[in-house]
Structures are given as structure tokens and as C-alpha cells.
Colleague: 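So that we are looking at the same thing, I have put the structure below in C-alpha cells.
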Protein chains: 2
Amino acid sequence: MGLTKSENFTNQQNELANIAKALGHPARMAIVDYLLTVDTCICGDIVNELPLAQPTVSQHLKELKNAGIIKGSIEGNAICYCIDENTIEKLKSYFDNILSNLEKRKSTCC
Amino acid sequence: MGLTKSENFTNQQNELANIAKALGHPARMAIVDYLLTVDTCICGDIVNELPLAQPTVSQHLKELKNAGIIKGSIEGNAICYCIDENTIEKLKSYFDNILSNLEKRKSTCC
DNA sequence: AAATTATATCGTAATATTGCAATGTAATAA
DNA sequence: TTATTACATTGCAATATTACGATATAATTT
């Protein structure tokens, strides 16, 4: 049917999968990349940077925000979007963990 | 229509989005987690660990493999799956990069 | 107040993902 | 050779994602 209940998995698995899923689209990676290049995060021009229509970009921003990857604050007329460091830290430490785990039992197989 | 051409984005954006997408499902995160707990990577019993049918697990394994997150080698009757360290490294260094970028221009906004 | 600017939401068509029963394949055991 | 075991593939129904035109909202400027 196409629906696995999230109760079947751990909180960490669900949470990280959610973050990864949000990054799992080139347009959203491009948005993250772009946010890293701009000094001030008043970012109304993300739309101009991407080959996508404004509603599409808005939707992608929403998903990044829901996943906690970016946060936005109202700045008068515009909206200030920027990367949420905490979420990136979370990802980094997860992968760090995997790597140190792999180091421990090096060369057992494959 | 629902289709963005990958040519619109950089190779890195496409590649990383692809990897992230593969991790963007709790069942696949659970598979990765499981692969980290087993000593030998003869892992036919992933199916028993997950609340999913065998074809579903097989399909998830295929996606993880296509994304380069795991690799499998035939071990007689069974198949030996294990995590591909290189891909995890790739992810880690991407997030490391983001974080050090964020450090550089701390407190400008948000 | 009317126009403009910046962004969000709605509705909907095209497409992709997810899950699984049924079936296929290929190595191993009996 | 006939199971059996360990997977993969096919086919398909249910659901989710993606993209965008049209439209709404809300602050800013004129």
C-alpha cells in the first residue's frame, strides 16, 4: 500500500530520515548551498537563483523549514532565511558516529 | 508536472541529494543502523529485524546500494551487505564544510 | 487608498515512492 | 534430481512528491 508507520522505527531513525529526506532533492541542496554564499540572509532572491517558479521555491523552503534545516524570520516585507546550525550538527555527529563505529571493526568483511 | 531536470543543478548537488534521498526513509536508516551493530556483515536477517516483507526490504537495500551507501557481495547462497565508508565520508565532509562556513560569518543575522 | 513587492497557499496534473503477493533465480542440501 | 534457502524482480494498488498557474496575504511605497 505504501505506508510504513513511523512507530515501527526509533525516534532517531524517524528524525534523521526526515532531515535526510528534506535534503534529498537537488533544488533543496541548491538552496542550502546558496544560503551559505550570501552574507546577510535576506534571501528573497533565492527564486532568481533557481530555475524554478516562485511557488515551487516557496514550497521547497517550507520543507526545509519543517525539517529544521533552515529557519526563517520576518524582516519587514521580506523573509530572512538561514541555515539552522543545530540540525547540521546533528547530521554531522550521526555520520561521525557511523565512521568511528566502522573504524572499530575494520576489515572484518567486504 | 513534477520533474526538475538534474542538469539544472551542479553535480555535487545532484549526487548529495541522491545520497540524502536514499537515507530519507526510516526503514533505510534502520537498515544502516542494523548494519552497524552486526560484526560480520552476512546480513540475510535484515528482513527479520524490520517490520517489513522481504521484497520491501530487498527494494530498500537496492536503493541504498544504488546511492552508494551500502555495497553487497555474493557469499555463496547469501549476500554480504555492508556500509560504504567512502560515501559516509563524503557526507561528513559536506556537513563539516557547512559548519565551518557558518562559523566564519557568525551572528550576521537570524 | 491604490500600487507594488515579497512571499504563501490552493488546486491540480504528472510523476515517483512505497509495500507486498506472486513469481523468478541461483546456490546449497538432501 | 528434488527440495530448500536466500535473495531479486514483476506487477500493481495506495500514497506522496513535485511543479506551477492562479490567487491570497501582508508589509511598503506612492
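A, B, ... follow the sequence lines: proteins, then strands. Residue 1 opens every chain.
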Colleague: Side chains of A/L35 and A/I46, heavy atoms from C-beta outward: is any pair under 4.5 Å?
Modeller: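 SC-SC contact between A/L35 and A/I46 confirmed.
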Colleague: How many whole angstroms separate atom CD of A/E75 from atom P of C/dT7?
Modeller: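 Going from CD in A/E75 over to P in C/dT7 covers 11 Å.
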Colleague: Would you sketch DNA chain C in dot-bracket for me? Only Watson-Crick or G-U wobble pairs with both distances under 3.5 Å count, crossing pairs as [ ], other-strand pairs as |, the rest as dots.
Modeller: ||||||||||||||||||||||||||||||
Colleague: Does the pair B/E63 and B/K21 meet the rule for a salt bridge (charged side-chain N to carboxylate O under 4.0 Å, His left out), with working shown?
Modeller: CA-CA 9 Å; B/E63 277 166 72; B/K21 190 176 172 184; over 6 Å; no
Colleague: Without decimals, in angstroms, what is the distance between B/N8 CG and D/dT18 P?
Modeller: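 So the two atoms are 15 Å apart, to the nearest Å.
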Colleague: Just say parallel, tilted or perpendicular for the rings of A/H25 and B/F9, cut-offs at 30° and 60°.
Modeller: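 Perpendicular.
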Colleague: Using the closest heavy atom to pick a nucleotide of DNA chain C for each, name whichever of A/N77 or B/G24 lands nearer the 5' end.
Modeller: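 It is A/N77 whose nearest nucleotide is closer to the 5' end.
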Colleague: Can you tell me if the side-chain N/O atoms of A/Y81 get under 4.0 Å from OP1 or OP2 in C/dA8?
Modeller: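 Affirmative; the distance criterion is met.
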Colleague: For the side chain of B/N14 and the backbone of B/T10, is there at least one donor-acceptor N/O pair under 3.5 Å apart?
Modeller: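 Here the side-chain-to-backbone pair exists.
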Colleague: Would you say B/K21 places a side-chain N or O within less than 4.0 Å of OP1 or OP2 belonging to C/dT17?
Modeller: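 So the side-chain polar atoms of B/K21 do come within 4.0 Å of the phosphate oxygens OP1 or OP2 of C/dT17, strictly under.
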Colleague: At a heavy-atom distance below 4.0 Å, what parts of residues 50-62 of chain A sit against DNA chain C?
Modeller: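 Within residues 50-62 of chain A, the residues near DNA chain C are A/Q54, A/P55, A/S58, A/K62.
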Colleague: Report the distance from atom CE of B/M29 to atom CD of A/E15, rounding to the nearest 0.5 Å.
Modeller: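 Separation between the atoms: 10.0 Å.
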Colleague: Can you find a heavy atom in the side chain of B/V32 that is under 4.5 Å from one in the side chain of B/I83?
Modeller: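 They are in contact (side-chain heavy atoms under 4.5 Å apart), so the answer is yes.
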Colleague: Answer with base, sugar-phosphate or nothing: what part of the nucleic acid does A/K65 contact at a heavy-atom distance below 4.0 Å?
Modeller: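 Contact class for A/K65: none.
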Colleague: Closer than 3.5 angstrom, by distance alone: can the side chain of B/R28 be matched with the main-chain N or O of B/A22 as a donor-acceptor pair?
Modeller: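 Flag set: sc B/R28 to bb B/A22 pair under 3.5 Å.
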Colleague: How many Å lie between CD1 on B/I46 and P on D/dA8, as a whole number?
Modeller: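 It is 9 Å, rounded to the nearest whole Å.
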Colleague: Nearest to the A/R28 side chain among D/dC7, D/dT18, C/dT18, which nucleotide is it?
Modeller: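 Nucleotide nearest to A/R28's side chain: D/dT18.
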Colleague: Between A/E63 and A/G76, which residue's closest nucleotide on DNA chain D lies nearer the 5′ terminus?
Modeller: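 Closer to the 5' end of DNA chain D: A/E63.
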